[in-house]
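The block underneath contains the structure these notes are about, expressed in structure tokens.
Computation of the quantities below employed the complete heavy-atom set of this structure, encompassing side-chain atoms and omitting hydrogens, waters and symmetry-equivalent molecules. Proteins get letters first, then strands, A, B, ... in listed order; numbering begins at 1 in each.
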Protein chains: 2
Amino acid sequence: MDTVNSAGTASAPRPGLRELKKRRTRDALLRTAVEMFTTRGYDHTTVDDIAAAVDVSPRTFFRYFSGKEDAALALETMTVAHFLDAVRARPAHEPPMEAMRRAVMEGWDTLSAVVESVAPIEQYLRMYQVIESTPVLLAAHLRRSAETEEQMALLIAEREGLDVDADPRPRVAVAVFSGVMRVTERQWSAGPDFSLAAMRELTATHLDQVGPALAGNWRAPQGA
Amino acid sequence: MDTVNSAGTASAPRPGLRELKKRRTRDALLRTAVEMFTTRGYDHTTVDDIAAAVDVSPRTFFRYFSGKEDAALALETMTVAHFLDAVRARPAHEPPMEAMRRAVMEGWDTLSAVVESVAPIEQYLRMYQVIESTPVLLAAHLRRSAETEEQMALLIAEREGLDVDADPRPRVAVAVFSGVMRVTERQWSAGPDFSLAAMRELTATHLDQVGPALAGNWRAPQGA
DNA sequence: GAGGTTAGTGTCACCCTCTGACAGTTGACA
DNA sequence: TGTCAACTGTCAGAGGGTGACACTAACCTC
């Protein structure tokens, strides 16, 4: 019944009844899809189920999402954009690794506001569990992450005034950072604490371990 | 016509006519699949095509491979096992990063011998291109890589006598290493030199850039 | 406000991947 | 040689995804 048109009308000149109906349909599909995925599981939810629950033909579902996968990763798409924006907002004098680190840490804090418009943050976190535990979704997620890495590398290169194809450092730095974030995600999704705070803390812990992990001899004192 | 039974009979007590036919069928399916994938493309090759070319029912294909994907990644599965073995073979006194680095560099050199039994090395490299350029295959590849990372982390932890769940360093080190390898793969697959030698060189170059990439200030002299 | 244009939607038909059930066939082994 | 087990083919079907076409509702102009 109630709409959210007062929140997200930043660039649209006029909502228009047509646009409004479209948005409503898409939101309903996404909300229902996530709801079903998190309760009965991704594999046990068919596109027909989702469409039927929204009183829409299955064909319509595919007009809003390129596939079941796309719907499952829609929330994540939002957060990725959020993080990229956060990096773009970092002051230019910050070294690459520091900029990414601060952007991510800050990103966790401001994530709720971004996601809440379509689903409660708990739903988002639960959806994350589903992704991590569903092979086909995890695969798609990792592929998207690879694309995100490329964008991030371009961003870093631009910050530093470098050519990504000439200097390997941007891609390497992003790969290192993303690799560690992947470990963090996985660790977090294994539980037992599924809160945002836990994710935040794990992120810091793991990033702090990059130095020690690269150290020549792990048996030697780490303080160095 | 000619078989390869003299090459890979290391542990089997007796080949047996039944086992031999099975192996032959599997090899034929795999060879044909790779052949078709690399020539007409993954998406434009159906399971029915492959089965028909080998004079086997489509149902049979699924008895040897869990799916089209599985067949496309079969060669890669062999090389992953190869790399894990190489790491296991590294002397225990080598620090983690060094052990992985040496294992990979050495792995490129000995890869041909491992793969040649089923397909020429060029075919393998070409298949790699297909994987990298086919979204669904790339996704599956990345998911498998994630599993490999976990195995590798366990391996490193064992080498160092650590508990993977207590000490984040094994997973972080492996994540860093794998992240860089991913960049290498991607760079290599973008061309223009698709040789094993090129892959080898790119590997070294990128691994050498981990230190500089983590450096605080890229604008400062890198020599440290 | 009537009428043409445009876009979202439903219906129908189809391909492809993958799975289960069941029967036929063939190698293994006593 | 005959039985058992395993491999295989046929059949039927679910589910994801796509193209074509017609219908309807919103938009826009006169």
Side-chain angles (χ1 to χ4, degrees), chain A residues 3 5 12-30 32-33 36-37 40-74 130-131 134-140 143, chain B residues 3 5 9 12-30 32-33 36-37 40-74 130 134-140 143:
Chain A
T3 63
N5 61 352
R14 272 182 306 172
L17 206 150
R18 192 178 235 136
E19 308 297 322
L20 214 147
K21 274 182 84 170
K22 251 176 62 176
R23 175 173 200 82
R24 207 179 314 222
T25 304
R26 202 196 118 98
D27 281 2
L29 280 171
L30 181 52
T32 305
M36 285 183 162
F37 292 156
R40 66 170 82 170
Y42 181 76
D43 291 327
H44 296 92
T45 305
T46 70
V47 172
D48 289 30
D49 291 338
I50 302 168
V54 186
D55 277 319
V56 167
S57 94
R59 192 72 184 81
T60 297
F61 174 90
F62 289 103
R63 290 212 177 77
Y64 285 98
F65 301 98
S66 64
K68 218 170 79 165
E69 227 177 69
D70 189 32
L73 298 178
V130 174
I131 293 171
T134 307
V136 56
L137 280 185
L138 178 56
R143 188 177 54 73
Chain B
T3 63
N5 61 354
T9 56
R14 272 182 305 170
L17 205 148
R18 191 176 234 137
E19 307 298 323
L20 213 147
K21 272 183 85 172
K22 254 176 59 176
R23 175 173 200 80
R24 206 178 318 220
T25 304
R26 202 196 117 97
D27 281 2
L29 280 170
L30 181 52
T32 305
M36 285 182 163
F37 292 156
R40 65 170 82 168
Y42 180 77
D43 291 327
H44 296 90
T45 305
T46 69
V47 172
D48 289 32
D49 291 338
I50 303 168
V54 186
D55 278 319
V56 167
S57 92
R59 193 71 186 79
T60 297
F61 174 90
F62 288 104
R63 291 209 176 79
Y64 284 99
F65 302 97
S66 64
K68 215 169 82 165
E69 228 176 67
D70 189 31
L73 298 179
V130 175
T134 307
V136 56
L137 280 187
L138 179 57
R143 188 177 53 73

Any B:F62 side-chain heavy atom under 4.5 Å of B:V47 side chain: yes
Whole angstrom value for the distance that separates C1' of C:dA7 from CZ of A:R26: 18 Å
Test applied, side chain to side chain contact (heavy atoms under 4.5 Å, CB included); reference residue, B:F37; option that passes from B:D43, B:I50, B:L137: B:I50
For atom CZ of A:R24 and atom P of C:dT9, their distance in whole Å: 13 Å
Contact under 4.0 Å: A:T25 side-chain N or O vs C:dT9 OP1/OP2: yes
A:R59 (side chain) and C:dG8 (base): donor-acceptor pair under 3.5 Å: no
Residues touching DNA chain C, which here means a heavy atom under 4.0 Å, drawn from residues 62-72 of chain A: A:R63, A:Y64
Atom pair distance, as rounded to whole Å: CZ in A:F61 and C1' in D:dG15: 13 Å
Distance, rounded to the nearest Å, where A:I50 contributes CD1 and D:dG16 contributes P: 8 Å
Distance in angstrom units between B:D49 CG and C:dC18 C1', rounded: 16 Å
Side-chain heavy-atom pair A:L30, A:Y64 within 4.5 angstrom cut-off: no
Approximate separation, where rounding is to 0.5 Å, of B:T25 OG1 and B:R63 CZ: 12.0 Å
Any residue of residues 40-48 of chain A with a heavy atom less than 4.0 Å from an atom of DNA chain D: A:T45, A:T46, A:V47
